[in-house]
Amino acid sequence: MPRRPVQYWLMKCEPDVFSYEHLERAPKKTTMWDGVRNYRARNFMRDQMAVGDGVLYYHSNADPPGVAGIAEVASEPYPDPTQFDPKDSHFDPKSSPEEPRWWLVDVRAVQKLERFVSLAELKEHPELSEMGVCQRGNRLSVQPVEAAEWRVVRRLGGLSG
DNA sequence: GCCAACGTTGGC
DNA sequence: GCCAACGTTGGC
């Protein structure tokens with residue numbers, strides 16, 4: 001069974017909540033990407049992500065917003081445990097372990113960018129204009145990224161390849 | 001702090 | 001199934 005090619009993603013997180021530096025210091029440099037409660041974002045994680053996929057770790061609601069580091073998908077999709085916890089702010093009473101509504105993957109830090117690449121800088125590059133994050137009003141917290149876009153962002157961030 | 005864009009909810 | 005109201009996101 002041939003493995004599908006690596007795919008690329010952009011995942012948003014508020015750095016005040018969990019920055020790229022937080023991820024680097026986490027056990028195994030890995031965290032559960034919990035709390036996503038948007039169906040499109042969930043579908044990307046549940047249906048399309050595979051271990052080893054590349055992730056642009058994006059700082060949203062930040063000054064400035066932008067891509068801080070490279071991460072990777074570090075688990076198969078599995079149900080988000082916070083949906084079952086009545087004490088958790090992401091509790092979903094309509095979900096059940098038998099029929100979980102919300103899914104996530106683990107994300108592992110790979111390499112911090114040599115240079116932070118701000119949203120303003122992303123927008124300066126016409127070859128990145130199709131990226132969701134460059135489009136006005138796009139609030140999706142998990143987005144697919146084209147391989148060509150991935151390479152451009154890496155290069156802007158001072159990484160080779 | 002403002003507000004545009006979007007997603008969700010709930011009345012009908 | 002429509003759509004107005006409301007809540008959230010997130011850049012500015």
query: When you measure from every atom of DNA chain B, which of residues 131-142 of chain A have a heavy atom less than 4.0 Å away?
result: A:R136, A:G137, A:R139
message: Applying salt bridge (Lys or Arg N to Asp or Glu O under 4.0 Å) to A:R154 and A:E149, what does each step give before you reach the verdict?
response: CA-CA 9 Å; A:R154 277 185 62 98; A:E149 295 165 344; over 6 Å; no
A:Y39 and A:W102 aromatic centres sub-6.0 Å: yes
query: Is the distance between the ring centroids of A:W103 and A:Y78 less than 6.0 Å?
result: no
- request: Indicate yes or no for a side-chain donor-acceptor contact from A:Q7 to the backbone of A:G54 under 3.5 Å, with no hydrogens or angles considered.
  value: no
task: Would you confirm whether A:D80, through its side chain, and A:G35, through its main-chain N or O, come within 3.5 Å as a donor-acceptor pair?
output: yes
- prompt: Would A:R37 and A:T82 count as having a side-chain donor-acceptor pair, cut-off 3.5 Å?
  reply: yes
field: Between A:S60 and A:E14: side-chain donor-acceptor atoms closer than 3.5 Å
entry: no
statement: In the 5' to 3' direction, the nucleotides of DNA chain C bounding the stretch that comes under 4.0 Å of a heavy atom in chain A are C:dG7 to C:dC12
- prompt: In terms of the nearest nucleotide of DNA chain B, which residue is placed more toward the 5' end: A:N61 or A:R40?
  reply: A:N61
task: For the residue pair A:Y57 and A:W33, categorise the inter-ring angle as parallel (less than 30°), tilted (30 to 60°) or perpendicular (more than 60°).
output: perpendicular
